[in-house]
> 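Attaching a single structure in structure tokens format; questions to follow.
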Amino acid sequence: MIRVERATLYLVELPLVAPFVTSFGEERVRRALLVALTSGGRTGWGECVAGSGPWFSAETTETARHMILDFVLPLLHGREIEQPREFPSIVAPIRGHPMAKAAVEAALWDLHAQAEGKPLAALLGGTRDRVPAGVSVGIQPDVETLVSRVAGYVAEGYKRVKLKVKPGWDLGPLAAVRERFPDLPLSVDANAAYALADRAHLREFDRFRLLMVEQPLTYDDLVGHARLAQALETPLCLDESISSPHRAWEALELSACRILNVKQGRLGGLSAALEVHALAREREVPLWCGGMLETGIGRALNVAVASLPGFTLPHDISATDRYYREDIATPLFRLEEGHIRVPQRPGLGVEVDTARLQRFTVRAWAWHP
Ligand code: OSB
Ligand code: MG
């Protein structure tokens with residue numbers, strides 16, 4: 001039984017080992033909002049995947065802070081929660097803001113798993129003790145730099161490489177990487193940079209034998225993706241478009257994609273991710289776990305999600321050193337034969353390092369009922 005007695009939000013800033021460039025912008029520092037909930041002498045942790053600006057989705061760390069402090073936590077006030085799966089119905093009165101909700105739900109799962117003495121992966125129904133690691137490679141200054149970066153990741157053992165693309169950075173870079181690595185499992189992610197009118201251009205992607213094209217069109221365009229899917233041989237995968245389990249259902253009903261990228265934060269929480277998992281299994285739709293440059297807390301959540309049986313493709317879950325030199329949680333995630341091990345300790349299975357947390361925190365907020 002969980003009764004939230006206290007909450008602290010931490011806004012942290014972690015310098016990335018290299019700038020991460022997508023079709024919607026460049027990040028040199030990952031700003032993340034962390035949530036710590038206290039119940040019965042235990043602390044549960046969650047991480048909000050919202051970014052510093054409304055580019056990937058409408059939410060930002062600042063809108064999430066507002067939602068969590070002023071609306072989500074007050075709904076938990078005085079409540080006894082038997083099971084984190086009750087959380088979506090508790091916060092149902094709040095429209096939208098899936099990333100804010102998910103951060104709080106994650107902390108409840110951590111508390112629950114600690115109380116049960118079980119790893120989060122086991123509580124979710126995970127069946128794997130390690131998950132295949134992929135790497136998402138941002139837009140590079142030139143093609144030579146891209147090929148040498150990819151070569152580095154391949155040498156480290158990553159099982160799949162995903163290239164960020166946009167108009168003007170697509171066919172050339174793809175041809176160069178495909179020529180150097182004829183058999184590498186390869187995909188692309190456009191982060192919504194194309195229009196349906198680009199369908200003839202996007203058809204050129206078919207010759208690179210890609211596992212999928214991720215989110216070519218804008219975030220709310222399911223019908224456009226359904227039309228585009230008809231024109232391409234390469235399977236479409238949706239990311240930004242899938243903001244709830246219901247949206248996942250709509251996308252599958254419309255045949256707007258054949259593969260789903262699951263991000264618990266974007267979907268509104270771990271319960272929502274479990275719902276999408278059940279739906280996808282029923283329909284035999286392959287899943288993989290996406291990433292949002294998480295700290296060790298969010299990475300632990302992703303690894304637990306990826307351990308579920310319906311997750312059959314390599315994930316955007318890389319070793320910590322691909323993102324950060326230091327992290328606020330330990331142990332760091334390491335690549336072992338192209339896989340990341342699923343933590344086996346109770347709860348998230350990582351521990352927050354207080355000294356590092358302090359060092360990387362730029363602001364904190366305390367909440368008392
Ligand atoms: O679209 O998948 C995305 C990072 C930030 C925001 C959106 C995306 C990404 C990535 C990186 O592709 C995945 C990772 O964390 O390794
Ligand atoms: Mg994506």
Side-chain angles (χ1 to χ4, degrees), residues 14 16-33 47-61 64 98-99 102 131-140 149-150 153 156 158-166 169 186-194 210-219 225 235-243 248 251 257 259-267 287-303 305-306 313-324 327 332-333 335 338 340:
L14 267 74
L16 287 157
V17 294
F20 189 72
V21 183
T22 63
S23 61
F24 62 81
E26 171 180 304
E27 275 197 280
R28 290 168 178 274
V29 171
R30 178 57 163 140
R31 185 184 295 174
L33 188 70
E47 174 172 346
C48 181
V49 299
S52 52
W55 321 128
F56 174 85
S57 81
E59 292 182 87
T60 69
T61 51
M99 294 175 176
V131 299
V135 61
S136 172
V137 184
I139 292 164
Q140 302 297 315
R149 283 225 143 190
V150 171
Y153 292 130
E156 284 185 64
Y158 282 102
K159 296 285 183 195
R160 183 228 64 205
V161 170
K162 166 173 128 182
L163 305 182
K164 292 291 193 180
V165 291
K166 65 174 183 183
W169 180 265
L186 193 62
S187 66
V188 296
D189 184 358
N191 287 113
Y194 296 89
L210 302 174
L211 289 171
M212 69 194 85
V213 176
E214 181 177 345
Q215 196 72 42
L217 309 181
T218 197
Y219 69 98
H225 281 101
L236 291 190
C237 170
L238 290 176
D239 177 2
E240 283 92 321
S241 289
I242 311 299
S243 50
C257 64
I259 299 172
L260 289 169
N261 166 333
V262 172
K263 290 178 176 168
Q264 57 81 30
R266 189 202 65 222
L267 285 165
L287 299 178
W288 57 281
C289 183
M292 300 281 282
L293 312 176
E294 286 88 349
T295 77
I297 295 171
R299 196 166 315 286
L301 291 167
N302 289 347
V303 171
V305 168
L313 292 165
H315 314 285
D316 271 357
I317 303 176
S318 309
T320 306
D321 67 7
R322 179 259 173 274
Y323 311 92
Y324 306 110
D327 204 334
L332 302 183
F333 289 89
L335 199 62
I340 305 278

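Indexing begins at 1, ligand by ligand and atom by atom, following the structure's order. Along the sequence shown, residues are numbered consecutively beginning with 1. Excluded from the calculations below are hydrogen atoms, water molecules and symmetry mates; all remaining heavy atoms, backbone and side chain alike, are included.
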> Checking contacts here: is it the side chain or the backbone of Val135 that comes within 4.0 Å of ligand 1, counting heavy atoms only? Could be both or neither.
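The answer is neither; Val135 stays 4.0 Å or more away.
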
> What protein heavy atom is closest to atom 9 (C) of ligand 1, reported as residue, atom name and distance in Å?
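Its nearest protein heavy-atom neighbour is Gly291 O, 3.5 Å.
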
> With a cut-off of 4.0 Å, which atoms of ligand 1 are near a heavy atom of Asp239?
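In order of number, 1 (O), 2 (O), 3 (C).
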
> Is Asp189 close enough to the Mg ion (ligand 2) that one of its N, O or S atoms comes in under 2.8 Å?
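Yes, since at least one N, O or S atom of Asp189 sits under 2.8 Å from the Mg ion (ligand 2).
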
> Do you know which two heavy atoms are closest between Val49 and Met292, and how far apart they sit?
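What the structure gives for the nearest pair is O-CE, 3.5 Å.
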
> Pull out every atom of ligand 1 sitting under 4.0 Å from any heavy atom of Glu214, numbered as shown with elements.
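Reading through ligand 1 atom by atom, the close ones are 2 (O).
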
> Between ligand 1 and Glu240, is the shortest N or O to N or O distance under 3.5 Å?
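No: no nitrogen or oxygen of Glu240 is under 3.5 Å from one in ligand 1.
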
> Taking the side chain from Asp327 and the backbone from Gly296, do they hold a donor-acceptor pair closer than 3.5 Å?
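Looks like yes, one N/O pair under 3.5 Å.
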
> Of all N, O or S atoms in Glu214, identify the one at the shortest distance from the Mg ion (ligand 2).
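When I compare the N, O and S atoms of Glu214, OE2 is nearest to the Mg ion (ligand 2).
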
> Do any of the N/O/S atoms of Glu240, backbone or side chain, fall under 2.8 Å from the Mg ion (ligand 2)?
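Checking the Mg ion (ligand 2) against Glu240, no N, O or S atom falls under 2.8 Å.
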
> Over all heavy atoms of both residues, which pair between Arg31 and Ser52 is shortest? Give the atoms and the distance, please.
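Result for this residue pair: NH1-CB, 3.9 Å.
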
> For Lys263, counting its heavy atoms only, list the atoms of ligand 1 lying under 4.0 Å from any of them.
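Going through ligand 1 atom by atom, the ones under 4.0 Å from Lys263 are 1 (O), 2 (O), 3 (C), 7 (C), 8 (C).
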
> Under 3.5 Å between any N/O of Asn261 and any N/O of ligand 1: does that happen in this structure?
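N/O-N/O distance under 3.5 Å: no.
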
> Could you pull out the closest heavy-atom pair between Arg322 and Ser136, with the gap in Å?
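That closest heavy-atom pairing would be NH2-O, 2.7 Å.
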
> Please confirm whether Ser318 comes within less than 3.5 Å of ligand 1 when only nitrogen or oxygen atoms on both sides are compared.
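The answer is no, given that Ser318 and ligand 1 share no N or O pair closer than 3.5 Å.
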
> Looking at Leu217, is its backbone amide N or carbonyl O close enough to the side chain of Gln215 to form a donor-acceptor pair, meaning the two atoms are under 3.5 Å apart?
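At least one qualifying donor-acceptor pair exists.
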
> I would like to know whether Val29 and Leu16 meet side chain to side chain contact (heavy atoms under 4.5 Å, CB included); could you show each step before the answer?
CA-CA 5 Å; Val29 171; Leu16 287 157; over 6 Å; no

> Minimum heavy-atom separation for Gly134 to Ser318, with atom names?
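The answer is O-OG, 2.8 Å.
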
> For Ser136, counting its heavy atoms only, list the atoms of ligand 1 lying under 4.0 Å from any of them.
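What qualifies from ligand 1 is 10 (C), 11 (C), 12 (O), 13 (C).
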
> Closest approach of Cys257 and Leu236, non-hydrogen atoms and distance?
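Minimum heavy-atom contact is CB-O, 3.4 Å.
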
> Using a 4.0 Å heavy-atom cut-off, say whether Arg266 meets ligand 1 through its side chain, its backbone, both or neither.
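Neither part.
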
> How close does the nearest protein non-hydrogen atom get to atom 16 (O) of ligand 1, and which residue and atom is it?
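Ranked first by proximity to atom 16 (O) of ligand 1 is Tyr323 OH, 2.6 Å.
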
> Considering only non-hydrogen protein atoms, determine which one is nearest to atom 6 (C) of ligand 1 and report residue, atom name and distance to 0.1 Å.
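For this ligand atom, the closest protein heavy atom is Met292 SD, 3.5 Å.
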
> Which single N/O/S atom of Asp239 lies at minimum distance from the Mg ion (ligand 2)?
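Going through the N, O and S atoms of Asp239 one by one, OD2 ends up nearest to the Mg ion (ligand 2).
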
> Could you check Leu313 against Arg160 for side chain to side chain contact (heavy atoms under 4.5 Å, CB included), going step by step and ending with a plain yes or no?
CA-CA 9 Å; Leu313 292 165; Arg160 183 228 64 205; over 6 Å; no

> Closest approach of Ser241 and Thr218, non-hydrogen atoms and distance?
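Closest heavy-atom pair between Ser241 and Thr218: OG-O, 4.0 Å.
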
> Pick one of side chain, backbone, both or neither for how Gln215 approaches ligand 1, counting any non-hydrogen atom pair under 4.0 Å.
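Contact part for Gln215 vs ligand 1: neither.
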
> Report the part of Ile317 in contact with ligand 1, treating N, CA, C, O as backbone and CB onward as side chain, heavy atoms under 4.0 Å; options are side chain, backbone, both, neither.
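It is neither; nothing of Ile317 touches ligand 1.
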
> Run the numbers on Glu26 and Val21 for side chain to side chain contact (heavy atoms under 4.5 Å, CB included), then give the verdict.
CA-CA 4 Å; Glu26 171 180 304; Val21 183; 3.8 Å; yes

> So which of Ile317, Ile259, Val262 actually passes side chain to side chain contact (heavy atoms under 4.5 Å, CB included) with Trp288?
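Single pass found, and it is Ile259.
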
> Looking only at distance, does Arg322 have an N or O less than 3.5 Å from an N or O of ligand 1?
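No, since none of the N or O atoms of Arg322 sits under 3.5 Å from an N or O of ligand 1.
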
> Going by heavy atoms, is Lys164 under 4.0 Å from ligand 1?
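It does; at least one heavy atom falls under 4.0 Å.
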
> Evaluate the criterion side chain to side chain contact (heavy atoms under 4.5 Å, CB included) for residue pair Trp169 and Gln140; output intermediate values, then yes/no.
CA-CA 9 Å; Trp169 180 265; Gln140 302 297 315; 4.0 Å; yes

> Considering both backbone and side-chain atoms of Leu293, is one of its nitrogen or oxygen atoms within less than 3.5 Å of a nitrogen or oxygen in ligand 1?
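Yes, Leu293 has an N/O under 3.5 Å of an N/O on ligand 1.
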
> Between Thr22 and ligand 1, which part of the residue brings a heavy atom under 4.0 Å of the ligand: side chain, backbone, both or neither?
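The answer is neither.
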
> In terms of atom number and element, which parts of ligand 1 are under 4.0 angstrom from non-hydrogen atoms of Asn191?
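Once the distances to Asn191 are compared, the set is 1 (O), 3 (C).
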
> Might you confirm whether atom CZ of Phe20 has over 12 heavy atoms from other residues, nucleotides or ligands at distances under 6.0 Å?
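Correct, the count exceeds 12.
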
> Which ligand 1 atoms are under 4.0 Å away from a heavy-atom of Phe56?
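Result: 1 (O), 7 (C).
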
